[in-house]
Trainee: 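Below you will find the structure I want to go over with you.
Source: prediction; values computed, not measured.
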There are 2 protein chains.
Amino acid sequence: MTELITEPLDTGPALCEEGRDLTRDVLERIGDKWSVVVICKLADTTRGFNELRRLSGPISQRMLSATLRRLERDGLVTRTVHNTKPPRVDYALTPRGLSLLGVVRALARWAEENASGILDSRTAFNAEQA
Amino acid sequence: MTELITEPLDTGPALCEEGRDLTRDVLERIGDKWSVVVICKLADTTRGFNELRRLSGPISQRMLSATLRRLERDGLVTRTVHNTKPPRVDYALTPRGLSLLGVVRALARWAEENASGILDSRTAFNAEQA
DNA sequence: CGGCATCCCTTTTGATACTG
DNA sequence: CAGTATCAAAAGGGATGCCG
């Protein structure tokens with residue numbers, strides 16, 4: 001029987017299986033394309049949706065929305081809705097998100113320090129392949 | 001409409017800058033699903049392909065191969081071919097890979113420490129959604 | 001303004017089969 | 001043992017439209 005395409009846009013379940021390696025599961029979430037960027041943008045202050053979007057580079061509304069929801073779900077950011085005019089939604093890091101920020105920054109620092117060396121390696125590697 | 005990009009943030013090492021494509025490029029590479037796992041498996045010793053595969057959990061041959069080649073290309077691991085019988089290829093961390101290991105371990109430690117808390121958050125979040 | 005839904009294309013990944 | 005090749009499925013991601 002034909003299965004209708006039932007909502008592949010997951011925000012939710014199916015990730016917390018029992019036999020699964022928790023650590024890797026967590027790492028995957030963190031390792032995605034935008035989470036780290038967004039977390040860094042929330043480093044020192046609360047931000048609104050579009051503000052966050054402008055700061056985070058070329059991220060689509062859809063992806064930012066999905067990223068934020070995942071971060072919220074994992075207890076890394078809080079989402080606060082203000083019933084003002086115009087409406088505003090603020091995002092901020094939780095203590096857990098803040099603790100992740102430290103680790104992420106260490107990684108970022110390493111990346112910066114090694115970026116040029118890595119690019120050199122890539123160039124050399126590609127040259128050898130030829 | 002005014003953009004109003006307040007951009008004095010950056011509380012330290014600049015990872016999250018928009019012009020920083022190199023850093024993000026490196027982060028993406030490192031943040032991928034398997035690189036961290038493989039690097040950890042090479043932490044203390046040289047290992048062969050299938051040995052690595054067994055140790056790294058449910059990784060397909062294809063993915064391990066691709067991951068290793070990326071790591072080699074970026075100068076993080078060395079690949080040594082032994083013309084023996086049966087043939088054997090050893091992978092080991094380079095100094096650069098070793099320097100990354102420290103950072104990666106911090107990330108892995110964070111993931112371990114926060115895994116259960118994150119799962120709790122997810123459960124709570126899913127419950128609220130209902 | 002914030003943001004979910006839909007359509008649709010691109011990239012990634014896993015199974016399987018095959019080579020040196 | 002250590003891969004590469006191929007194919008199909010899945011996930012990622014952009015564009016657009018609608019709604020509160």
Trainee: What is the separation between atom CG on N83(A) and atom P on dG3(C), rounded to the nearest whole Å?
Mentor: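 About 12 Å, once rounded to whole Å.
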
Trainee: Residues in side chain to side chain contact (heavy atoms under 4.5 Å, CB included) with A115(B), at least two apart?
Mentor: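 Here the qualifying residues are L22(A), V26(A).
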
Trainee: For I59(A) and dG2(C), give me the distance from atom CD1 to atom C1', rounded to whole Å.
Mentor: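 That distance rounds to 14 Å.
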
Trainee: Distance check: side-chain N/O of Y91(B) vs OP1/OP2 of dC1(D), anything under 4.0 Å?
Mentor: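 No, Y91(B) has no side-chain N/O under 4.0 Å of OP1/OP2 on dC1(D).
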
Trainee: Quick one: does R96(A)'s side chain have a donor or acceptor within less than 3.5 Å of a partner on G117(B)'s backbone?
Mentor: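 Yes; at least one donor-acceptor contact below 3.5 Å.
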
Trainee: Atom CH2 of W34(A) and atom C1' of dG14(D): how far apart are they, to the nearest Å?
Mentor: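 Answer to the nearest Å: 12 Å.
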
Trainee: Using salt bridge (Lys or Arg N to Asp or Glu O under 4.0 Å) as the criterion, list what pairs up with D74(B), not counting sequence neighbours.
Mentor: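 Applying salt bridge (Lys or Arg N to Asp or Glu O under 4.0 Å) to D74(B) gives R122(A).
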
Trainee: Provide, to the nearest angstrom, the distance between the CZ atom belonging to R88(B) and the C1' atom belonging to dG3(D).
Mentor: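 Interatomic distance, CZ of R88(B) to C1' of dG3(D): 15 Å.
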
Trainee: Return the set of residues passing side chain to side chain donor-acceptor pair (under 3.5 Å) with R109(B) (not counting sequence neighbours), or none when no residue passes.
Mentor: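 In terms of side chain to side chain donor-acceptor pair (under 3.5 Å), with neighbours along the sequence ignored, R109(B) is linked to no residue.
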
Trainee: Once you build an axis from the first five pairs and another from the last five of the helix from dC1(C)-dG20(D) to dG20(C)-dC1(D), how far apart in angle are they, to 10 degrees?
Mentor: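 It comes to 40° between the two terminal axes.
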
Trainee: Measure CG/L52(B) against P/dA2(D) and give the value in whole Å, please.
Mentor: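 My rounded result for the distance is 10 Å.
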
Trainee: For A92(A), enumerate each residue passing the side chain to side chain contact (heavy atoms under 4.5 Å, CB included) test, keeping only those at least two apart in sequence or located in another chain.
Mentor: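 A92(A) satisfies side chain to side chain contact (heavy atoms under 4.5 Å, CB included) with T46(A), T78(A) once adjacent residues are dropped.
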
Trainee: Can you tell me the distance, in whole Å, between the CG atom of D90(B) and the P atom of dC1(D)?
Mentor: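 Those two atoms, CG and P, are 14 Å apart.
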
Trainee: Of the nucleotides dC1(D), dG20(D), dG14(C), which has the atom closest to the S60(B) side chain?
Mentor: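 Minimum distance to the S60(B) side chain belongs to dG14(C).
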
Trainee: Could you pull out all residues at least two apart from S35(B) that satisfy side chain to side chain donor-acceptor pair (under 3.5 Å)?
Mentor: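 Listed in chain order: D32(B).
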
Trainee: Under 4.0 Å, heavy atom to any atom of DNA chain D: which of residues 62-80 of chain B qualify?
Mentor: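 Those residues whose heavy atoms fall under 4.0 Å from DNA chain D, taken from residues 62-80 of chain B in numerical order, are R62(B), S65(B), R69(B), R79(B).
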
Trainee: Could you list the residues that satisfy side chain to side chain donor-acceptor pair (under 3.5 Å) with R47(B), not counting sequence neighbours?
Mentor: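 Result, side chain to side chain donor-acceptor pair (under 3.5 Å) vs R47(B): E51(B).
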
Trainee: Under 4.0 Å between a side-chain N/O of N50(B) and OP1 or OP2 of dA2(D), yes or no?
Mentor: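 For dA2(D), OP1 or OP2 has a side-chain N or O of N50(B) closer than 4.0 Å.
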
Trainee: Rounded to the nearest 0.5 Å, what separation is found between the CG atom of L64(B) and the CH2 atom of W34(B)?
Mentor: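 It comes to 9.5 Å.
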
Trainee: For Q61(A) and dC18(D), give me the distance from atom CD to atom P, rounded to whole Å.
Mentor: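 From Q61(A) CD to dC18(D) P: 14 Å.
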
Trainee: Does D120(A) have any side chain to side chain contact (heavy atoms under 4.5 Å, CB included) partners at least two apart in sequence or in another chain, and if so, which?
Mentor: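 D120(A) satisfies side chain to side chain contact (heavy atoms under 4.5 Å, CB included) with no residue once adjacent residues are dropped.
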
